[in-house]
Amino acid sequence: MAVMGKKAVHFGAGNIGRGFVACFLHNSGYEVVFADVNGDLIDKINATPSYRVIEVGSEGTSENTITNYRAINSRTHEEDLVEEIRTADVVTCSVGPNILKFIAPVIAKGIDRRADENPLHVIACENAIGATDTLAGFIKDARNTDPERLESHHMRARYANSAIDRIVPAQDPNAGLDVTLEKFFEWVVDKTPFEDVGIPSIEGINWVDNLAPFIERKLYTVNTGHATAAYHGYNRRKRTVFDALQDKQIMAEVRGALTETKNLLVAKHNIDEEAQLAYMNKIIKRIGNPHLEDAVERVGRAPLRKLSRKERFVGPAAEAAENNMPIKYLLDAIEMTFRFQDVEGDDESKELSTIMSENTPEDVVAKVCGIQTTEKIYPQLVDIVKRVQADSEE
Ligand SMILES: NC(=O)C1=CN([C@@H]2O[C@H](COP(=O)(O)OP(=O)(O)OC[C@H]3O[C@@H](n4cnc5c(N)ncnc54)[C@H](O)[C@@H]3O)[C@@H](O)[C@H]2O)C=CC1
Ligand SMILES: O=P(O)(O)OC[C@H]1O[C@](O)(CO)[C@@H](O)[C@@H]1O
């Protein structure tokens, strides 16, 4: 059911922002105010009264037209944005997990100006476990919110974690604001923080009491599988994820990694093995969508984030290793990720290269993967780093 007269502020007018979150907010009757730092994109949004969201897949193509939006530059028009947040119903974001700290100050100011009886609903839509909690942590930090106002903060804002899943590749630069994406979507949000104040009416959200199994299943299946294909593909000079999956050896690596995460997910969350197998097969089909033209560099972007402790490779591999479960394919994928260095347009891949050349293997594992010497996976990761460093020196 559409909710008329409601307003959402969405940080990050990029692929997921325009193509997924804003589309659902629009279809639910919200006016969407985009906040971004890309001046050209903001001008384009404000000059274009509508754009299309184009779903592509083997079942054919369908379109949604999005209207009723505006955009504000959060760098140059902070005061305007604070006022929008003061009067908004919902704040969402899809800026990347590492950017959350930069959007927190303006959100904190907007929340602080709100009346006590009307809490803002905040939902971060990033590929990360607990991204809304991370954002809330920055908002509530003493640098952004007066500690004396913290006790009543819950009357002005509520925070719910989410898991968001839809493949939105890099867009054709000539497509304007239009976004082409896959048909499939999943947006799961923890409903418990909103229960006493009312759940926002947003079509398409699956509201749940316990998000943990959903987000781990998503991150350790969709994102593990997608990134495994991308990193192996990059190292074998494939252009897209579709191309990578045509290679039997890469397909075997993807299936191997997803079988290892399946074993962990089934054991940990009591997920039915057959259901997880079916989910895994569906994901392999989705990431191999020939209509998406998804470059391996996009899917492999930000390797330092993807090699971190709670992420799609080291997260499940460390846990599986502690439980004496096989992790061969996850380790292969980790090695391919360490080899994703100096990639054009990807700052983290350049930083990874510097870290690899300036640190001992032990320090790399501690710094990049956050793994302790006492963990079972530690020596295997050190061996991987040694191998990659040796190859770089040749
Ligand atoms: N593209 C995809 O298929 C999916 C992406 N995600 C997640 O969504 C998030 C965004 O991904 P994409 O939309 O693909 O990236 P994107 O690069 O297309 O969009 C990010 C947007 O954030 C903006 N931005 C950067 N710093 C900002 C700041 N300080 N304030 C406001 N805006 C800022 C950028 O200018 C850009 O427009 C990531 O966390 C990603 O993991 C989640 C599921 C699927
Ligand atoms: O920045 P990240 O973590 O790669 O997020 C984008 C990824 O999310 C997914 O869309 C899955 O939902 C992947 O297809 C895509 O590569």
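Keep in mind it's a predicted model, so treat the numbers as computed, not measured. The first residue in the sequence is number 1, and the count goes up from there. First listed ligand is number 1; within each ligand, the first listed atom is number 1.
- Contact residues of ligand 2 (protein heavy atom closer than 4.0 angstrom to a ligand atom; sorted by chain and number): N127, I164, D165, R166, I167, K218, V222, N223, H226, R298, V299, R301, R305, K306, R312.
- The shortest contact between atom 18 (O) of ligand 1 and any protein heavy atom is with N15 N, 2.9 Å.
- We find the CD-CG distance between E78 and D80 to be 10.0 Å, quoted to the nearest 0.5 Å.
- Only the side chain of I103 comes within contact range of ligand 1, with a heavy atom under 4.0 Å; no backbone atom does.
- Of the listed options D36, D294, N98, D36 places a heavy atom closest to atom 23 (C) of ligand 1.
- Between R166 and ligand 1, an N or O atom pair is found at a separation short of 3.5 Å.
- Nearest protein heavy-atom neighbour of atom 19 (O) of ligand 1: G14 CA, 3.3 Å.
- Ion pair E335/R387 flagged as a salt bridge, since at least one NZ, NE, NH1 or NH2 atom sits closer than 4.0 Å to an Asp/Glu carboxylate oxygen.
- In this structure the side chain of M280 reaches within 4.5 angstrom of the side chain of R255, judged on heavy atoms.
- A salt bridge is defined here as a Lys NZ or Arg NE, NH1 or NH2 lying under 4.0 Å from an Asp or Glu carboxylate O, and E31 with R70 meets this definition.
- Using a 4.0 Å cut-off to heavy atoms of I167, the atoms of ligand 1 that qualify are 3 (O).
- Close approach of ligand 1 to R301 is summarised as follows: ligand atoms under 4.0 Å from at least one heavy atom of the residue are 11 (O), 12 (P), 14 (O), 15 (O), 40 (C).
- Any N or O atom pair closer than 3.5 Å counts here, and F11 shares no such pair with ligand 1.
- Set against the non-hydrogen atoms of I99, the atoms of ligand 1 under 4.0 Å away are 26 (N), 27 (C), 28 (C), 29 (N).
- Atoms of ligand 1 found under 4.0 Å from any heavy atom of I164 (numbered from 1 in listed order, with element): 42 (C), 43 (C).
- For the pair R298 and ligand 1, the shortest N or O to N or O distance falls below 3.5 Å.
- Heavy-atom proximity to A35, at under 4.0 Å, picks out these atoms of ligand 1: 31 (C), 32 (N).
- Between E126 and ligand 1, at least one pair of N/O atoms sits closer than 3.5 Å.
- Comment: E182 does not engage K285 in a salt bridge, judged by the lack of any side-chain N to carboxylate O separation of less than 4.0 angstrom.
- Interface atoms of ligand 1 facing G96, defined by a heavy-atom separation under 4.0 Å, are 9 (C), 38 (C), 39 (O).
- Note that CD1 of I377 and CD1 of I334 are 5.0 Å apart. Values are rounded to the nearest 0.5 Å.
- Considering both main-chain and side-chain atoms, L41 never comes within under 3.5 Å of ligand 1 through any nitrogen or oxygen pair.
- Contact check on R305 versus E348 returns no salt bridge, with no Lys/Arg side-chain nitrogen under 4.0 Å from an Asp/Glu carboxylate oxygen.
- Checked for salt-bridge contact, R52 and D178 meet the test: a charged N lies under 4.0 Å from a carboxylate O.
- The atoms of ligand 1 that sit less than 4.0 Å from any heavy atom of V95 are 22 (O), 31 (C), 32 (N), 33 (C).
- In this structure, atom 20 (C) of ligand 1 lies nearest to the protein heavy atom S94 O, 3.7 Å.
- Looking only at protein heavy atoms, the nearest one to atom 13 (O) of ligand 1 is I16 N, 2.8 Å.
- With rounding to the nearest 0.5 Å, the separation of NZ in K328 from CD in Q380 is 12.0 Å.
- In summary, K44 and D36 do not engage in a salt bridge, as defined by a charged side-chain N under 4.0 Å from a carboxylate O.
- The single protein non-hydrogen atom nearest to atom 22 (O) of ligand 1 is G12 CA, 3.5 Å, given as residue, atom name and distance.
- Within the 4.5 Å cutoff, no side-chain heavy atoms of Y329 are placed close to those of T259.
- Atom numbering of ligand 1 starts at 1 in the shown order; those under 4.0 Å from a heavy atom of C125 are 8 (O).
- For the pair T261 (side chain) and Y220 (backbone), a donor-acceptor distance under 3.5 Å is present.
- Using a 4.0 Å cut-off between heavy atoms, A131 makes no contact with ligand 1 at all.
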